[in-house]
Amino acid sequence: MPELPEVETIVNDLKKNILKKKISGVEILKKKIVRNSPQTFKKTLVGDSFQKIFRRGKYIFIELKNADKTIVVHLRMTGQLIYQKDKKIVAGGHSQGDELEFSNKHTHVIINFKDKSQLFYNDVRQFGFWQLISSDEMAELDNKIGIEPLSREFSYVYFKNLLTDKNSNIKSFLLDQKFIAGLGNIYVDEALFLSRISPYRRLNTLNNKEILSLHRAIKNILAKAIFSRGTTFNDYVDASGNKGSFLAFLNVYQRDKKKCKRCKKENIKKVKIAGRGTRYCPACQK
DNA sequence: CTTCTTGTTACTGA
DNA sequence: ATCAGTAACAAGAA
């Protein structure tokens, strides 16, 4: 499940590879993924090039150079963006043994560049999407997305003000993209663990010390996960098709029924909160 | 066979 | 207005 660190990793990888290259062709293999008509989408892209790529929350924005349009991509649960240079054919006709083929039956969009390199969009569950939008639509979308948790603007004071006068459950609040952008199920559970706060808590019961601790935990966990190039336990891979290595550092996610690494007293428990599978330590998260 | 999973939106009802 | 709950989307794993 790509959350902020995974999307950040993909975008940083793609930044090195897909910009300023002429697009020679576009293949749309599953129509529902692209929210524009295939004709419009192809006509806009072919002959143009990508000028800029950046992340906002879990969204990826790719600006075109000539057309006054931006592509927005959301990977939802199982979307992958994988860049592949053209397959080199070794003399003798057989391809190199460790050459990976990244297109498969779940490849729904392919961008072909003039230099023969390719960008694949794979998505097992097909919930992700691509859409060409105007700068107005882009501003509108940007407005709906909350603050970037790694930005300077996301200060302790900002966080505290965001919580003030709200009465919701902490878990659903942290997952809500209109408040803070980019947190998903994994990093919300991990941040709550780090700050020793139970996922059952309500916002108006948090004291200053807890708010400070949670604010620090959010920044911390995201920065560390980016450094490890994200968390892979099934679908997520970076733009080269490689797994992220943050799984080993997780304290609660995917550790149900395993002993808490911190207090070593109880096992990590899995419950359902805000409609989401939630993992926490009943002994050290209060 | 059924149930569960995940991100997001839409909808319903308190 | 705010908040919670659920369905829907698709495919695969258990």
Side-chain angles (χ1 to χ4, degrees), chain A residues 1-11 28-35 55-61 72-81 103-109 121-131 133 137 140-146 148-149 161-192 198-206 222 225 230-237 243-244 246-247 250 252-257 268-280:
Chain A
M1 284 103 279
E3 303 179 25
L4 188 152
E6 290 76 28
V7 178
E8 177 80 12
T9 301
I10 291 169
V11 166
I28 300 172
L29 303 156
K30 181 74 80 173
K31 268 166 77 176
K32 58 168 273 197
I33 297 293
V34 178
R35 294 186 174 177
R55 179 193 62 74
R56 176 82 175 88
K58 299 174 196 168
Y59 290 85
I60 298 167
F61 293 102
V72 52
V73 180
H74 198 297
L75 306 172
R76 290 283 170 91
M77 273 106 77
T78 54
Q80 302 176 328
L81 277 173
S103 64
N104 53 42
K105 66 173 174 173
H106 302 297
T107 300
H108 308 310
V109 182
Y121 178 72
N122 303 338
D123 192 344
V124 171
R125 294 186 194 154
Q126 305 171 30
F127 286 1
F129 65 89
W130 291 47
Q131 188 177 11
I133 56 172
E137 289 169 311
E140 205 178 302
L141 177 55
D142 186 70
N143 262 322
K144 284 190 204 157
I145 311 173
E148 283 295 326
N161 287 338
L162 206 55
L163 304 176
T164 305
D165 296 332
K166 288 194 183 69
N167 187 27
S168 67
N169 163 270
I170 181 70
K171 169 112 184 185
S172 30
F173 168 79
L174 293 173
L175 285 173
D176 196 331
Q177 301 298 302
K178 71 172 180 281
F179 298 129
I180 301 167
L183 290 172
N185 218 13
I186 302 173
Y187 299 109
V188 165
D189 282 3
E190 293 299 322
L192 286 171
S198 159
Y200 285 108
R201 290 283 292 280
R202 305 206 136 251
L203 297 183
N204 55 9
T205 70
L206 298 175
L222 293 175
T231 301
T232 299
F233 44 83
N234 41 38
D235 295 286
Y236 165 72
V237 289
K243 294 176 177 183
F246 199 64
L247 182 65
L250 297 183
V252 285
Y253 205 85
Q254 284 240 325
R255 294 199 72 252
D256 353 339
K257 295 176 189 156
I268 301 304
K269 198 170 170 186
K270 185 180 168 190
V271 294
K272 196 162 197 165
I273 299 174
R276 283 281 164 278
T278 301
R279 291 84 175 167
Y280 74 108

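Just so it is clear: chains get the letters A, B, ... in the order the sequence lines come, proteins before strands, and each one is counted from 1.
Looking at which nucleotide of DNA chain B each of A:Lys144 and A:Arg279 is closest to, the 5′-most match is held by A:Arg279. Comparing A:Arg276 and A:Lys166 by the nucleotide of DNA chain C whose heavy atom lies nearest to each, the residue mapping closer to the 5' end is A:Lys166.
Rounded to an integer number of Å, the gap from CG of A:Leu162 to P of C:dT2 is 13 Å. If you take CG of A:Asp123 and C1' of C:dA11, they are 10 Å apart, rounded to a whole angstrom. In this structure, A:Lys32 places its NZ atom 15 Å from P of C:dA8, rounding to the nearest Å. Rounded to an integer number of Å, the gap from A:Phe127 CZ to C:dA11 C1' is 8 Å. Here the C1' atom of nucleotide C:dC9 and the CZ atom of A:Arg35 are 11 Å apart, to the nearest Å. Counting to the nearest Å, the C1' atom of C:dA13 and the CG atom of A:Asp256 are 15 Å from each other. Protein atom CG of A:Leu203 is 8 Å distant from nucleotide atom P of C:dC3, rounded to whole Å. Rounded to an integer number of Å, the gap from NE2 of A:His108 to P of C:dC9 is 17 Å.
Among the atoms of the strands shown, only primed sugar atoms or phosphate atoms (P, OP1, OP2) are found under 4.0 Å from some heavy atom of A:Gly277. No engagement by A:Lys171 is indicated, since no non-hydrogen atom pair under 4.0 Å with the nucleic acid exists. Backbone-only engagement by A:Tyr59 is indicated by non-hydrogen atom pairs under 4.0 Å involving sugar-phosphate atoms exclusively. Using a 4.0 Å heavy-atom criterion, one finds that A:Lys105 contacts the sugar-phosphate atoms exclusively. Residue contacts for A:Tyr187: at a heavy-atom cut-off of 4.0 Å it reaches no nucleic acid atom on any strand shown.
Classified by interplanar angle (parallel below 30°, tilted 30° to 60°, perpendicular above 60°), the ring pair A:Trp130/A:Tyr121 is perpendicular.
Read 5' to 3', the first and last nucleotides of DNA chain B with an atom closer than 4.0 Å to a heavy atom of chain A are B:dT5 to B:dT9.
Each of A:Ile170, A:Thr278, A:Ile273, A:Leu192 was compared with A:Tyr200 under the side-chain contact (heavy atoms from CB on, under 4.5 Å) criterion, and only A:Ile273 meets it.
Contact annotation: A:His106 reaches the phosphate of C:dG12 (side-chain N/O to OP1 or OP2, under 4.0 Å). Note on A:Ser172: a side-chain N or O is less than 4.0 Å away from OP1 or OP2 of C:dA4. Remark: A:Arg202 is in phosphate contact with C:dA4, judged by side-chain N or O atoms under 4.0 Å from OP1 or OP2.
With hydrogens and angles ignored, the 3.5 Å screen pairs no side-chain donor or acceptor of A:Gln126 with any backbone N or O of A:Asp123. Distance alone, capped at 3.5 Å, is enough to place a donor-acceptor pair between the A:Glu190 side chain and the A:Val252 backbone.
Surrounding NZ of A:Lys257 are at most 12 heavy atoms belonging to other residues, nucleotides or ligands under 6.0 Å away.
Under 3.5 Å, the side chains of A:Thr231 and A:Tyr187 contain a donor-acceptor pair of N or O atoms. In the model, A:Asn143 has no side-chain atom that pairs as donor or acceptor with a side-chain atom of A:Lys178 under 3.5 Å.
Atom OG1 in A:Thr164 sits 10.5 Å away from atom CG in A:Asn204 (nearest 0.5 Å).
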